[in-house]
Amino acid sequence: MATKIRLQRRGRKGYAFYSIVVADARAPRDGRFIEKVGTYNPNTNPSTVDLNFDRALYWVEVGAQPTDTVRSILRHEGVYMMKHLRGGVKKGAFDEAEAQKKFDVWKDAKVKGDDNIRAKEAKAKKDAYEQKLKAEKAVNEAIAKKVQEKKAAEAAAQAEAAAETPAEAPAEA
């Protein structure tokens with residue numbers, strides 16, 4: 001039986017959320033599957049992937065063919081890196097502990113890169129908010145200045161009108 005690792009669509013219209021499943025190649029996209037190995041949410045930045053690493057590695061090693069999108073997800077999560085390192089262990093190039101050490105170094109660098117992306121995005125969001133706040137303050141100050149000028153003009157007009165009309169003497173009875 002030919003197996004595929006592919007995405008199964010979930011979520012609502014306009015907000016897709018996917019399950020990463022292993023299914024028979026003949027099964028429909030959202031139909032029957034053999035095993036669910038993770039989830040993928042492309043709506044966040046960077047995308048959120050929750051993967052059962054050991055099961056995904058198992059299925060890749062036994063020959064399940066991932067779709068292009070799933071292949072890129074598995075590559076980003078390190079499944080193909082671990083498969084490559086395990087191949088080196090089988091050939092005798094290095095031992096299992098060294099392979100795990102290399103994988104941990106690679107994964108730490110990958111996590112650090114993702115954290116940098118999140119930090120840059122948060123900083124950009126904060127800077128945009130501060131710029132918007134600064135622009136809003138400038139607009140409010142301009143409006144307050146116009147209101148103050150208008151009130152000063154009205155007060156001057158009232159004072160002028162009061163000065164022009166003579167003070168009426170009290171009427172004697």
Side-chain angles (χ1 to χ4, degrees), residues 1-140:
M1 163 174 58
T3 55
K4 283 201 160 288
I5 304 175
R6 62 181 175 207
L7 297 177
Q8 188 176 47
R9 194 178 196 285
R10 297 281 181 239
R12 64 176 190 265
K13 183 168 73 170
Y15 193 85
F17 186 87
Y18 298 94
S19 295
I20 302 170
V21 297
V22 178
D24 184 359
R26 298 168 293 184
R29 177 191 75 175
D30 296 336
R32 190 168 163 195
F33 60 89
I34 299 169
E35 182 179 357
K36 179 179 173 182
V37 293
T39 59
Y40 168 61
N41 184 1
N43 302 307
T44 60
N45 187 13
S47 302
T48 306
V49 177
D50 181 29
L51 187 69
N52 184 340
F53 187 85
D54 296 330
R55 293 306 294 169
L57 181 62
Y58 166 78
W59 282 106
V60 168
E61 286 181 338
V62 296
Q65 293 297 313
T67 60
D68 294 338
T69 305
V70 173
R71 182 178 290 113
S72 69
I73 292 169
L74 296 178
R75 188 171 286 128
H76 183 267
E77 292 296 311
V79 172
Y80 278 98
M81 178 69 164
M82 183 54 88
K83 180 184 176 192
H84 173 72
L85 291 172
R86 281 191 176 180
V89 170
K90 286 179 186 175
K91 291 180 182 177
F94 42 83
D95 63 344
E96 185 70 34
E98 190 174 338
Q100 188 62 41
K101 182 180 172 185
K102 287 182 179 184
F103 179 76
D104 291 340
V105 168
W106 178 85
K107 190 67 175 180
D108 288 342
K110 188 65 106 169
V111 168
K112 196 176 289 184
D114 286 348
D115 290 343
N116 287 340
I117 289 172
R118 285 187 186 96
K120 283 181 184 178
E121 183 178 320
K123 186 180 184 307
K125 206 176 206 181
K126 183 180 177 186
D127 290 344
Y129 176 76
E130 288 174 358
Q131 289 285 42
K132 187 177 178 182
L133 189 63
K134 190 182 284 185
E136 188 175 334
K137 282 183 180 180
V139 168
N140 288 345

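Relative to the ring axis of Tyr80, Arg75 places its NZ or CZ within 45° and under 6.0 Å from the centre.
At least one side-chain heavy atom of Phe94 sits under 4.5 Å from a side-chain heavy atom of Val89. Inter-residue side-chain proximity for Tyr15 and Asn41 is flagged as met; some heavy-atom pair is nearer than 4.5 Å. In this structure, Lys102 and Glu98 have side chains that are in contact, with non-hydrogen atoms separated by less than 4.5 Å. Side-chain contact between Thr3 and Val62: absent, with no pair of heavy atoms (C-beta onward) separated by less than 4.5 Å. Proximity of Leu74 to Ile20: side-chain heavy atoms (C-beta onward) are nowhere separated by under 4.5 Å.
Closest non-hydrogen pair, Trp59 versus Val37, comes out as CD1-CG1, 4.2 Å. Heavy-atom minimum distance, Lys36 versus Val21: CA-CG1, 4.1 Å. Annotation for Pro42 and Ala16: closest pair CD-O, 3.7 Å, computed over non-hydrogen atoms. The two residues Arg32 and Ala23 have their closest heavy-atom pair at O-CB, 3.8 Å.
Tested against Tyr40, the residues Thr48, Val70, Ile73 include a single side chain to side chain contact (heavy atoms under 4.5 Å, CB included) partner, Ile73.
Taking a 6.0 Å sphere around CG of Asp127, one finds it holds more than 12 heavy atoms contributed by other residues, nucleotides or ligands. The local environment of CZ in Arg9 is crowded, with over 12 non-hydrogen atoms from other residues, nucleotides or ligands closer than 6.0 Å.
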Test log, rule side chain to side chain contact (heavy atoms under 4.5 Å, CB included), inputs Thr69 and Tyr18: CA-CA 11 Å; Thr69 305; Tyr18 298 94; over 6 Å; no

Pair Arg86-Leu57, side chain to side chain contact (heavy atoms under 4.5 Å, CB included): steps then yes or no: CA-CA 10 Å; Arg86 281 191 176 180; Leu57 181 62; 3.4 Å; yes

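Between Arg6 and Gln8, the side chains place no donor N or O within less than 3.5 Å of an acceptor N or O (distance only, hydrogens not considered). Side-chain atoms of Asp104 and Gln100 include a donor-acceptor pair closer than 3.5 Å.
A donor-acceptor pair is defined here as one N or O able to donate and one able to accept, closer than 3.5 Å; no such pair exists between the side chain of Asp50 and the backbone of Thr39.
Interatomic distance, Glu77 CD to Met82 CE, rounded to the nearest 0.5 Å: 13.0 Å.
Among pairs with a residue in residues 105-119, none fulfils side-chain hydrogen bond (donor to acceptor under 3.5 Å, both in side chains), at least two apart in sequence or across chains.
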